[in-house]
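Read the structure below first, then the notes.
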Number of protein chains: 2
Amino acid sequence: MLFSPSITRLVEVFRRLPGIGPKTALRLTFFVLTMKNEEVQEMARALVEAKKRVRYCTRCRNLTEDELCPVCRDERRDKALLCVVQEPRDMMVIEKTGQFKGRYFILHGALSPVEGIGPDELMIPQLLQLIKDKKIEEVVIATNPNVEGDATAYYIAGAAKPLGVRVTRIGFGLPVGGDLEYADELTMTRALESRREM
Amino acid sequence: MLFSPSITRLVEVFRRLPGIGPKTALRLTFFVLTMKNEEVQEMARALVEAKKRVRYCTRCRNLTEDELCPVCRDERRDKALLCVVQEPRDMMVIEKTGQFKGRYFILHGALSPVEGIGPDELMIPQLLQLIKDKKIEEVVIATNPNVEGDATAYYIAGAAKPLGVRVTRIGFGLPVGGDLEYADELTMTRALESRREM
């Protein structure tokens with residue numbers, strides 16, 4: 001025991017965060033102890049406040065403080081276009097391109113029978129209802145290009161198509177600026193499948 | 001504005017921590033929002049409590065909740081041996097070896113005229129007083145092997161030697177398991193300087 005209980009406690013608390021190992025937890029702890037009192041109070045308040053205020057947007061399941069999230073409240077958005085993503089951060093990646101003018105639906109996960117995550121856990125019935133009620137014309141599926149993401153994409157496509165909506169999935173292939181030499185087989189296979197006329 | 005103010009606020013707060021960039025801050029924020037209410041409360045409490053309770057050990061300047069830190073309270077420690085380190089985490093690295101049986105003095109920095117950090121800021125007068133009062137026989141300097149750490153080591157050595165104490169510095173050279181081929185010139189120079197009879 002080199003350190004006192006309240007220090008060890010803070011290290012433990014930091015370690016619960018994703019991607020924070022023992023060394024980083026210690027570094028963060030020591031940093032916090034050098035911060036001003038008010039700053040630490042502010043940090044603690046920000047944690048509790050965010051957790052207290054934030055809930056899911058009733059429409060798209062984005063994180064928000066209000067009934068509807070800022071994206072769903074934005075009247076300039078194309079109401080007929082809906083992009084389905086796994087996580088809020090995926091939405092951010094798409095927003096950064098500035099190319100997508102529609103709205104989103106956030107699954108907060110992907111289908112995973114092993115982990116007991118089925119369509120109900122991902123609120124897919126709610127998604128299908130939204131597609132019907134809001135007269136969506138195109139659903140762009142942007143789940144991850146892996147087993148769970150693929151399964152989720154196929155499931156949603158199968159359930160949404162009978163509603164008369166166009167269902168697309170974002171393209172896969174070589175990343176821009178990437179080098180053919182270093183592409184793995186699966187990416188290369190997808191790139192070949194996604195080839196277009198020039 | 002994709003997110004609500006309290007989310008943005010929490011992202012900002014995480015970004016203040018060292019080594020936490022915008023992406024990690026966002027990831028941590030989303031994670032916190034999926035945590036249980038009580039867990040977030042507990043995290044907030046751990047922050048405030050640690051900051052409130054922790055102060056410097058009056059003897060060695062380690063972080064502690066008490067007048068003296070656990071290391072200084074440990075009567076089995078060699079009272080004549082004192083290791084000087086820059087940061088509490090440096091102390092931990094040395095403790096992990098299980099080879100050092102003395103006590104420590106933590107400078108919380110290194111001499112840096114540019115940043116206005118002189119001997120007084122590092123409590124070096126207090127260190128010298130400790131060496132005198134506690135009849136220290138050997139001071140092992142374990143500041144970092146860089147410009148500031150070297151300057152600090154030389155300053156302390158110069159001030160401590162007249163007190164009749166033996167002053168040593170930890171060895172420098174090739175890391176164990178390291179490869180000669182990848183050693184930089186400075187490390188190699190130090191390794192040559194530190195050569196020993198076989």
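The sequence lines fix the lettering, A, B, ..., with proteins before strands; numbering per chain opens at 1.
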Chain B: which of A:R16, A:E12, A:R45 shares the most heavy-atom pairs with it under 4.5 Å?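 With the most close heavy-atom pairs to chain B, the winner is A:R16.
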Based on non-hydrogen pairs under 4.5 Å, which of A:A44, A:C69, A:C57, A:G19 is most in contact with chain B?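 That would be A:A44.
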Taking only Lys NZ, Arg NE, NH1 and NH2, and the carboxylate oxygens of Asp or Glu, determine whether [X] and [Y] approach each other closer than 4.0 Å.
X: B:E49; Y: B:R53; result: yes
X: A:R73; Y: A:E65; result: no
X: B:R169; Y: B:D150; result: yes

Could you tell me which portion of [X] (side chain, backbone, both or neither) has an atom closer than 4.5 angstrom to a non-hydrogen atom of chain B?
X: A:L26; answer: side chain
X: A:N37; answer: both
X: A:T29; answer: neither

Is it true that a side-chain atom of [X] and a backbone atom of [Y] form a donor plus acceptor pair closer than 3.5 Å?
X: A:K101; Y: A:G98; result: yes
X: B:D90; Y: B:E87; result: yes
X: A:Q86; Y: A:N144; result: yes

Please determine, among [options], the option with the most heavy-atom pairs under 4.5 Å with chain A.
options: B:E95, B:E42, B:Q41; result: B:E42
options: B:R9, B:M92, B:K51; result: B:K51
options: B:K52, B:E39, B:R55, B:M43; result: B:M43

Counting only heavy atoms closer than 4.5 Å, note whether B:N62 contacts chain A via side chain, backbone, both or neither.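 For B:N62, side-chain heavy atoms alone lie under 4.5 Å from chain A.
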Need one label for B:T24: side chain, backbone, both or neither, based on atoms under 4.5 Å from any heavy atom in chain A.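 Neither part.
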Report the relative orientation of the aromatic rings in B:F3 and B:F30; use parallel for angles under 30°, tilted for 30 to 60°, perpendicular for over 60°.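 Ring orientation of B:F3 relative to B:F30: perpendicular.
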